[in-house]
Amino acid sequence: MAAFSLTVPLTRIAVTDGGMSPLFVACARAAVATVLAATALVITRQPLPRGGQWIRLGVVAGGVVAGFPLLTTFALTTTSAGHSAVVIALLPAATAVLAVLRGDEQPPRVFWFTAAAGAVAAVGFAAFRGGGFAAPGWADLLLFGAVVAAAFGYAEGGLLSRELGPWQTISWALVLSAPVMVTLSGVAAAVRPPTGSPAQWASFAYLGVVSMFLGFLAWYRGLARGPMAQVSQIQLVQPVLTLGWAALLLREPLTWSTALGALAVVACAAIAVRTRLGRPVPDPRGSGPAGDRISRPAEIVPGAGDPVAPPTEPGAPDGPTVGAYPANDRIATAPARTGP
């Protein structure tokens, strides 16, 4: 969330003053991340995804590689970073709902209460930054669409990370979307050649390297370890950090209500994540990345064809009866030595 919290303010910097077109910023940052992803996949010789995994990767690519960047970038050409945080604060609740529907998770009631309270608190303190709610407009619709797109990309990406691995999932999604994003980048550059100040190019570089690639390595790893509905609530901290960065980098004003709202959001996030800690640990033998499974001794239940403890001599204390091995499972052993 620390990495993602800079995405909105830096996108705002990149598209201000006409330096870069929003289409170029949204698509070219994916092209930059694709270079890193493809290099990592080739160096580590990752196997290709199979069958339906490509379709699911398409959902991830449509949500977090294309949908969220395009919609938020165009919205930020006409609205502030602080106002964007108002709508993006709904993303944790949207992700939780899709995680429950898609992943068959059943979080406790206290989770839903704290998730709803966190969403209300985040929207409330962000919306009242200027003394009241901003009037709905075209930018709001774009941001709402971005929330839905990202929620689908997060939920499906979290599930797919248990099969392919966290960094592999975002890498394959970037590679899958590369033909479209690279083409759109070229069209945007041809129509309006990108120019900008050093700060704008530095912001663009961050969006391509961190927001579009490195940030997802940690985020999908956390979602894969799950449960996703609870883990996703850590996003409630993102609008708080985003408003802080907006004040520092864009000189957007902060008020005492912002500080109080930030404390409420962080408290709700802590309680929501805490509910996950009190639930049973998922079976490590279930789906999950191989590196994240917990090694536990298996419980062995004797049954037909399973050897049990070898027999002991008659009269030995607590010894099993002779003939404990089934006939088809007896083990040939050397005769016992006698004498010195």
Exercise. Within a reach of under 6.0 Å around OH of Y206, are more than 12 heavy atoms found that belong to other residues, nucleotides or ligands?
Worked result: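 Check passes, neighbour count above 12.
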
For this session: Count the heavy atoms belonging to other residues, nucleotides or ligands that lie under 6.0 Å from CH2 of W167, then report whether that count exceeds 12.
Result: yes

Under a 4.5 Å side-chain heavy-atom rule over Ile, Leu, Val, Met, Phe, Trp and Tyr, are [X] and [Y] clustered together?
{"X": "I88", "Y": "L70", "answer": "no"}
{"X": "M1", "Y": "V8", "answer": "no"}
{"X": "V60", "Y": "V182", "answer": "no"}
{"X": "L143", "Y": "L76", "answer": "no"}
{"X": "V210", "Y": "L248", "answer": "yes"}

Exercise. Hey, are T78 and W138 close enough side-chain-wise for a donor-acceptor pair under 3.5 Å?
Worked result: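 W138 vs T78: no donor-acceptor pair found between side chains.
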
Problem set entry | S232 and T95 side chains, donor-acceptor separation under 3.5 Å | no

For this session: Dump the intermediate steps for side-chain contact (heavy atoms from CB on, under 4.5 Å) on L160 and Q53, then the final yes or no.
Result: CA-CA 8 Å; L160 202 52; Q53 290 177 336; 4.1 Å; yes

Using side-chain heavy atoms (C-beta onward) and a distance below 4.5 Å, is [X] in contact with [Y]?
{"X": "T7", "Y": "Q238", "answer": "no"}
{"X": "S84", "Y": "T72", "answer": "no"}
{"X": "S177", "Y": "V65", "answer": "yes"}
{"X": "M181", "Y": "T34", "answer": "no"}

Exercise. Can you tell me if R12 uses its side chain to pair, donor with acceptor, with the backbone of T73 under 3.5 Å?
Worked result: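 Checked: no pair found.
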
For this session: Output yes when a side-chain donor or acceptor of E252 lies under 3.5 Å from a complementary backbone atom of A81, and no otherwise.
Result: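 Yes.
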
How close do [X] and [Y] get, counting heavy atoms only, and between which atoms?
{"X": "A3", "Y": "S211", "result": "O-OG, 4.3 Å"}
{"X": "L174", "Y": "A30", "result": "CD2-O, 4.0 Å"}
{"X": "S185", "Y": "C27", "result": "OG-C, 3.1 Å"}
{"X": "L91", "Y": "A150", "result": "CD1-CB, 3.8 Å"}
{"X": "T195", "Y": "W201", "result": "C-NE1, 4.3 Å"}
{"X": "S5", "Y": "T242", "result": "O-OG1, 3.2 Å"}

Problem set entry | Derivation and outcome, side-chain contact (heavy atoms from CB on, under 4.5 Å), residues S21 and V191 | CA-CA 9 Å; S21 69; V191 173; over 6 Å; no

With rounding to the nearest 0.5 angstrom, report the [atom1] to [atom2] distance, [X] to [Y].
{"X": "L184", "Y": "L23", "atom1": "CG", "atom2": "CG", "answer": "5.5 Å"}
{"X": "I170", "Y": "R221", "atom1": "CD1", "atom2": "CZ", "answer": "16.0 Å"}
{"X": "M228", "Y": "Y220", "atom1": "CE", "atom2": "OH", "answer": "10.0 Å"}
{"X": "L249", "Y": "L6", "atom1": "CG", "atom2": "CG", "answer": "6.5 Å"}
{"X": "F213", "Y": "L207", "atom1": "CZ", "atom2": "CG", "answer": "15.5 Å"}
{"X": "E163", "Y": "T169", "atom1": "CD", "atom2": "OG1", "answer": "8.5 Å"}

For this session: Decide side-chain contact (heavy atoms from CB on, under 4.5 Å) for Q200 and S197; before the verdict, give the C-alpha distance in whole Å, the side-chain angles of both, and the deciding distance to 0.1 Å.
Result: CA-CA 5 Å; Q200 289 177 312; S197 64; 3.5 Å; yes

Exercise. What class does the angle between the rings of W54 and W172 fall in, given that below 30° is parallel, 30 to 60° is tilted and above 60° is perpendicular?
Worked result: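 Ring orientation of W54 relative to W172: perpendicular.
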
For this session: For the residue pair F204 and F24, categorise the inter-ring angle as parallel (less than 30°), tilted (30 to 60°) or perpendicular (more than 60°).
Result: parallel

For this session: Report the residue from V25, L10, V15 that forms a side chain to side chain contact (heavy atoms under 4.5 Å, CB included) with S203.
Result: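 When side chain to side chain contact (heavy atoms under 4.5 Å, CB included) is applied between S203 and each of V25, L10, V15, only L10 qualifies.
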
Exercise. After noting the C-alpha distance and the side-chain angles of F4 and W219, does the key distance pass the side-chain contact (heavy atoms from CB on, under 4.5 Å) rule?
Worked result: CA-CA 9 Å; F4 289 156; W219 180 233; 3.8 Å; yes

